[in-house]
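The chains referred to below are lettered A, B, ... by the order of the sequence lines, with proteins before strands, and numbering in each begins at 1.
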Amino acid sequence: MQERYNPQTVEEKWQRRWAEKSVFRLRIEKDRPKFYCLEMFPYPSGKIHMGHVRNYAIGDVIARYKRMCGYNVLHPMGWDAFGLPAENAAIKHNVHPSRWTYENIAYMKKQLTRLGLSYDWQREVTTCEPEYYKWNQWFFLKMYERGLAYRKASSVNWCPSCQTVLANEQVIDGLCWRCDSVVTLKELEQWFLRITAYAEELLEDCDRLHGWPERVITMQKNWIGKSQGVEVDFRIDGMQEGIRVFTTRQDTLYGATFVSLAAAHPLAKILVKDSKSLDALKARYDEVEEKEGVFTGHYAINPLSGDRIPIWVANFVLMEYGTGAIMAVPAHDQRDFDFAKKYGLPIKPVIVPEKKPEARSQRSEDLVLEGAYEEEGILINSGQFSGLKSPNAKREIARFIEEKGLGKRTINYKLRDWGISRQRYWGTPIPILYCDSCGIVTVAEDDLPVILPEDVRFTGRGGSPLSESDRFLKTKCPLCAGDARRETDTMDTFVDSSWYFLRYCSEKDKTRPFDKNDAGYWMPVDQYIGGIEHAVLHLLYSRFFTKVLRDLGLIEVAEPFKNLLTQGMVIKDGAKMSKSKGNVVDPDYLIETYGADTSRLFCLFASPPEKDLDWSDKGVEGAYRFLNKVWGIVQKYRGQRSEVRSQKIQGTASPLLRKTHQTIKRVTEDMEKDFHFNTAIASLMELVNEIASFNPQGEEDFYTLRFAIETAVILLSPFAPHIADELWEAMGHSQSILEVSWPRWDMDAIKADEIELVIQINGKLRNRVMIPADLSEEDIRQRALADDKVRQYINGKELKKIIVVRGRLVNIVI
RNA sequence: GCGAGAGUGGCGGAGCUGGCAGACGCACCAGACUUAGGAUCUGGCGGGGAAACCCGUGGGGGUUCAAAUCCCCCCUCUCGCACCA
């Protein structure tokens, strides 16, 4: 042990030793329970950033802690290696996406190792490897067989100048990121995964995700967006056809005074004679401020009231949701209200608040509204349904509609099917062929993987680079052996990350995506940790995949992630770290200057993991000082080869012993409860402060001191593993601290003989006195009343009440 | 607008089922050691006041012996969704 703490030498030494002994290599011992600790794998963008450091430090603490608690811990890492930046780099720097990606991986892997993260790299997953993406293709085929993968026309962002498809993030203020041309929409045939088939289960199971943050669950529920209502047909006056609308408020049906169609509705083209005005309206769809519409000149019949009502086309009605047509009830829907006001359409109230019984007898025309009344209430002017309360009316009217054959009860979801086609090179090729005679043909399972060709050029112009590779494009149909051409779209990279956690469960398997028994043992992930930005997409897609794979009989679990921790962002100077703001902290610099242990410690200490972390250079120094302090203590006492004593004792070392046990308790509880490492580290600092100021008097004191120091080092080890191992060795242990069991606290040793009693008078703090811990309530009362200070205050006044809270305080009311 | 979360010293943040507000760290101040200190150590550190004490957890009410914590009203900020019928 060196006299001065030098993080560089210590960390290099232990990283080397850990590697030599393969200490993080997974060992499964049958008698131990399992724990699957997973952090979201990174995109290999080049270098890690502080967000990664924080994310992986949190995960590493949990993994190390669980290992010390006796679990078999699976703690893997890998690379979300497909994606657009690699292709951009190829265009810009003329380097192949593959090379760029692998070089980044090599560098970032070095950085992660340098942080001392306890990964079993044996299970590393790299999604751009054919061995991995082969299984994306295989899952795609399985889904295709079950009708869960299908093709349909859908619009994409299109740059007319580059003649290429753009991802959403490549469209900046409606312009192409490369040439500033105006981006247009273009219809293309694309592949979709039928996630909507699982909408109900994905929604229902949200309520079983007890280990997830409430807000993530809410976001998922909102995203799925279930609503129950009815579809009703409105006959068009003088035509055969009808308009089918969807509503959740069938109780307001009598108040429907017009019908609104989406501009893209098939009937809109037929009903509107002036196609120019319709096109103009289509262009006004992104206008949210002002509602606009075109009257079709046609009328519909309200199926319940029999009223003849106008049919409009409105720019706020969406074709993608429901039936693309709505019944407009301006009295009870603010949007319809605004629209009706603008175009002078009738407003007919049919619901009145329950609290206003006098309104029930009034005629609709006599009720004046300032805005729509959107709440539920009592029906008026609604024929046989008048007088019913909304919930009952909904039920009755729905039944009536079904009985009369006017429509049916329906459930709608906001959730759309997942479009996975990307007109890109650096992704998983979709295993589909187009044969001149057989049409759409799937690639045979035995022919998987469909490998990305290497010999392509990256210009950023024209279609997907894959469409220019004849070797890739031209193939034979497996059915008729005739000429066929390959699908050139690749898969959304969210496909890659939707099942990678399963691939980790078994070591590289050539014949299957993963072994069912291995997945059965490890799944679900016990603790998943990552950024809140994935609250919906990644986490929803992973849940979807898990359910599909369950239905394919590949796994047993219905949900992939039992517990989810969404860590906050790393903030500096009030903003998220970014190059443009110039407030980036470079992890390499940090590690070179202070070491990995200090970097980790600060990230964990500065705030609880789920909250944003405010970066402070000075705060980092505080963490560094703390480690130096611990170093100094061990340096000072390590020569004292005393034995350890942890049992309750009397005498000068008694408070230190108690503090040590208290600290074990606090740190352990923080670990178990909510991973509030900031308070765990704070209490560890308290213990270290107490050790530092302790003055051992005799042999006995040294035993306790030794116990305190060793405990502090053990408790420190998940946070700052290198220095902990070094100090552990310096104290004469031959076995690594990684092998040490997590300490237990002794309740008996925590209990103090004497406690401080707070004395309040009328709820105000007046004095504190030391009393024996086991004093009875009556004795406490007497002791308080006998107190000099108290007597001054009472001074002959009448005692109204005395409240005694044992172990805490006395409140005397006068 | 809807949904979720948060407002505590100069700053990051502690405060368990209502029971000593401000743990721990940073910054700051004073002192010690020192040729020196941006190293280290010791002490102090919410505001007011000489003191006794008083006032303090976004604001205003309330419940209680006792409220940062529970209830009602309001304000501000962050995030997510946003014409989803």
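- At whole-Å resolution of the value, CD in A:Glu798 and P in B:C65 are 15 Å apart.
- At whole-Å resolution of the value, CG in A:Leu627 and P in B:G25 are 13 Å apart.
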Review item, nucleotides 38-49 of chain B N/O atoms under 3.5 Å of protein N/O:
none

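- Shown for residues 215-225 of chain A: residues whose heavy atoms fall under 4.0 angstrom of RNA chain B, namely A:Arg215, A:Thr218, A:Met219.
- Nucleotide B:C54 holds its P atom 10 Å from the CG atom of A:Leu765, rounded to whole Å.
- Geometrically, A:Lys291 engages A:Phe316 in a cation-pi contact defined by less than 6.0 Å to the ring centre and at most 45° from the axis.
- Remark: A:Tyr343 pairs with A:Trp312, A:Phe339 by the ring pair (Phe, Tyr, Trp, His ring centres under 6.0 Å) rule, at least two apart or across chains.
- Nucleotides B:G15 and B:A67 place their C1' atoms 13 Å apart, quoted to the nearest Å.
- Nearest-nucleotide positions on RNA chain B for A:Ile326 and A:Val758 put A:Val758 closer to the 5' end.
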Inset, instruction - Decide salt bridge (charged side-chain N to carboxylate O under 4.0 Å, His left out) for A:Lys348 and A:Asp307; before the verdict, give the C-alpha distance in whole Å, the side-chain angles of both, and the deciding distance to 0.1 Å. - result: CA-CA 11 Å; A:Lys348 179 185 172 193; A:Asp307 293 344; 3.6 Å; yes
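- Taking syn as a glycosidic angle within 90° of 0, B:G9 qualifies as syn.
- Counting non-hydrogen atoms under 4.0 angstrom, A:Lys618 reaches the backbone sugars and phosphates but no base.
- Side-chain contact between A:Pro349 and A:Tyr373 is absent, with no heavy atoms from C-beta onward closer than 4.5 Å.
- Helical stems in RNA chain B, defined as runs of 3 or more consecutive Watson-Crick or G-U wobble pairs with both donor-acceptor distances under 3.5 Å, are listed by first residue as B:1-7 with B:75-81, B:10-12 with B:24-26, B:28-32 with B:40-44, B:46-48 with B:53-55, B:58-62 with B:70-74.
- A salt bridge links A:Glu402 with A:Arg409: the closest approach of a Lys/Arg side-chain nitrogen to an acidic carboxylate oxygen falls below 4.0 angstrom.
- Among the atoms of the strands shown, only primed sugar atoms or phosphate atoms (P, OP1, OP2) are found under 4.0 Å from some heavy atom of A:Ser227.
- If you measure from atom NZ of A:Lys764 to atom C1' of B:A66, you get 11 Å, rounded to the nearest angstrom.
- Regarding A:Lys414, its NZ atom lies at a distance of 11 Å from the C1' atom of B:A85, rounded to whole Å.
- Each of A:Trp631, A:Phe602, A:Tyr594 was checked for a ring-ring contact (aromatic ring centres under 6.0 Å, His included) with A:Tyr624, and the lone residue meeting it is A:Tyr594.
- Between A:Glu756 and A:Val317, the residue whose closest nucleotide on RNA chain B is further toward the 5' end is A:Glu756.
- Not counting sequence neighbours, A:Tyr254 has no partner by the ring pair (Phe, Tyr, Trp, His ring centres under 6.0 Å) test.
- The aromatic rings of A:His538 and A:Phe494 lie parallel to each other, with less than 30° between the two planes, well short of the 60° mark.
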Inset, instruction - Going 5' to 3' through nucleotides 9-19 of chain B, assign each nucleotide B (protein heavy atom under 4.0 Å from a base atom), S (under 4.0 Å only from sugar-phosphate atoms) or - (no protein heavy atom that close). - result: ---BSS-B--B
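- Distance CG (A:Asn628) to P (B:G25): 15 Å, rounded to an integer number of Å.
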